[in-house]
Amino acid sequence: MEQLIPIVNKLQDAFASLGVGLPLDLPQIAVVGSQSAGKSSVLENFVGRDFLPRGSGIVTRRPLVLQLINGKQEFAEFVHCKGRIFTDFEMVRKEIEDETDRATGSNKGISNVPINLKVTSPNVLNLTLIDLPGMTKVAVG
């Protein structure tokens, strides 16, 4: 089973780079809840790092597919930034914010196009998690 996870991760990356969802029903953990309920904080606890955008109102405006990979070193990679390695998790937060704004604008728009992020660390289990935008009760821009 452990050998299957990297293959599935590669499939997810390939489909994400084409802008197409993975047409396989695979077990994944999705964190769902109302706006500002702490969904992103739950995911950060799996990683043991603060790296997701913070703020008031709707902050998660695009789904985040978070692939956790157990490895010897700690770093992050985005599918949309091929070959770029992030070791500073503040820069990971900034890239999530910047990529969200590139797709949705700065007026709090929401998109269903996911951001794919891989975090490799000796402190994580091989697991894929999904952070979804919160269910909003008040309309945003």
Side-chain angles (χ1 to χ4, degrees), residues 1-138 140-141:
M1 189 57 96
E2 285 294 317
Q3 296 167 343
L4 186 59
I5 293 171
I7 294 168
V8 171
N9 285 346
K10 286 180 184 177
L11 280 171
Q12 285 178 324
D13 293 347
F15 278 90
S17 67
L18 295 172
V20 179
L22 184 64
L24 299 173
D25 288 330
L26 300 171
Q28 297 175 331
I29 297 173
V31 181
V32 181
S34 61
Q35 186 177 316
S36 299
K39 298 174 301 299
S40 297
S41 297
V42 170
L43 294 183
E44 285 181 332
N45 281 313
F46 277 96
V47 178
R49 291 286 207 150
D50 291 339
F51 65 96
L52 294 171
R54 297 263 185 248
S56 60
I58 186 160
V59 178
T60 304
R61 297 183 289 131
R62 289 179 66 184
L64 177 75
V65 178
L66 177 61
Q67 295 175 356
L68 302 180
I69 302 165
N70 185 270
K72 293 182 183 192
Q73 297 178 327
E74 188 171 59
F75 60 92
E77 303 174 85
F78 290 93
V79 169
H80 67 271
C81 295
K82 282 283 188 213
R84 185 170 170 201
I85 302 293
F86 293 78
T87 55
D88 179 351
F89 281 77
E90 280 298 318
M91 294 306 295
V92 171
R93 180 189 325 254
K94 182 171 180 354
E95 182 58 31
I96 292 170
E97 291 169 349
D98 291 349
E99 180 63 14
T100 298
D101 286 345
R102 280 191 284 271
T104 64
S106 57
N107 194 24
K108 299 290 185 186
I110 299 171
S111 171
N112 64 350
V113 177
I115 297 172
N116 289 69
L117 172 64
K118 292 182 190 180
V119 174
T120 302
S121 171
N123 305 316
V124 300
L125 299 172
N126 291 322
L127 188 62
T128 297
L129 306 161
I130 303 170
D131 190 15
L132 298 171
M135 294 177 271
T136 57
K137 296 176 185 170
V138 178
V140 293

Candidate list Phe46, Phe89, Phe75, test side chain to side chain contact (heavy atoms under 4.5 Å, CB included), partner Val119, passing option: Phe89

Spacing of Ile110 atom CD1 and Thr100 atom OG1 [to the nearest 0.5 Å]: 11.0 Å

Pairwise side-chain contact, Asn45 with Leu43, heavy-atom cut-off 4.5 Å (strictly under): no

Under the side-chain hydrogen bond (donor to acceptor under 3.5 Å, both in side chains) test, residues paired with Asp98 that sit two or more places apart: Lys94

Close side-chain approach of Glu77 and Ile85, heavy atoms under 4.5 Å: yes

Results of ring pair (Phe, Tyr, Trp, His ring centres under 6.0 Å) for Phe51 - residues two or more places apart only: none

Min side-chain heavy-atom separation Val65-Ile115 under 4.5 Å: no

Identified side chain to side chain contact (heavy atoms under 4.5 Å, CB included) partner of Leu68 from the options Val124, Asn123, Thr120: Val124

Closest non-hydrogen atom pair, Glu74 against Ser121: OE2-OG, 3.3 Å

Asn70 side chain vs Asn126 backbone, donor-acceptor pair below 3.5 Å: no

Heavy-atom donor-acceptor pair, Glu97 side chain to Pro53 backbone, under 3.5 Å: no

Interatomic distance, Leu64 atom CG to Ile130 atom CD1 [nearest 0.5 angstrom]: 9.5 Å

Value rounded to 0.5 Å, distance of CG in Leu66 from CG in Asp131: 8.5 Å

CD on Glu95 to CZ on Phe78, rounded to 0.5 Å: 5.5 Å

Donor-acceptor under 3.5 Å (Arg62 side chain, Ser111 main chain): no

NZ/NE/NH1/NH2 to OD/OE distance under 4.0 Å, Glu90 and Arg49: no

Distance (rounded to the nearest 0.5 Å) between Leu125 CG and Ile69 CD1: 12.5 Å

Contact check, side chains of Arg93 and Asp50, non-hydrogen atoms, under 4.5 Å: yes

Side-chain touch His80/Asn116, heavy atoms, less than 4.5 angstrom: no

Inter-residue atom distance Leu117.CG - Phe86.CZ, 0.5 Å rounding: 9.0 Å

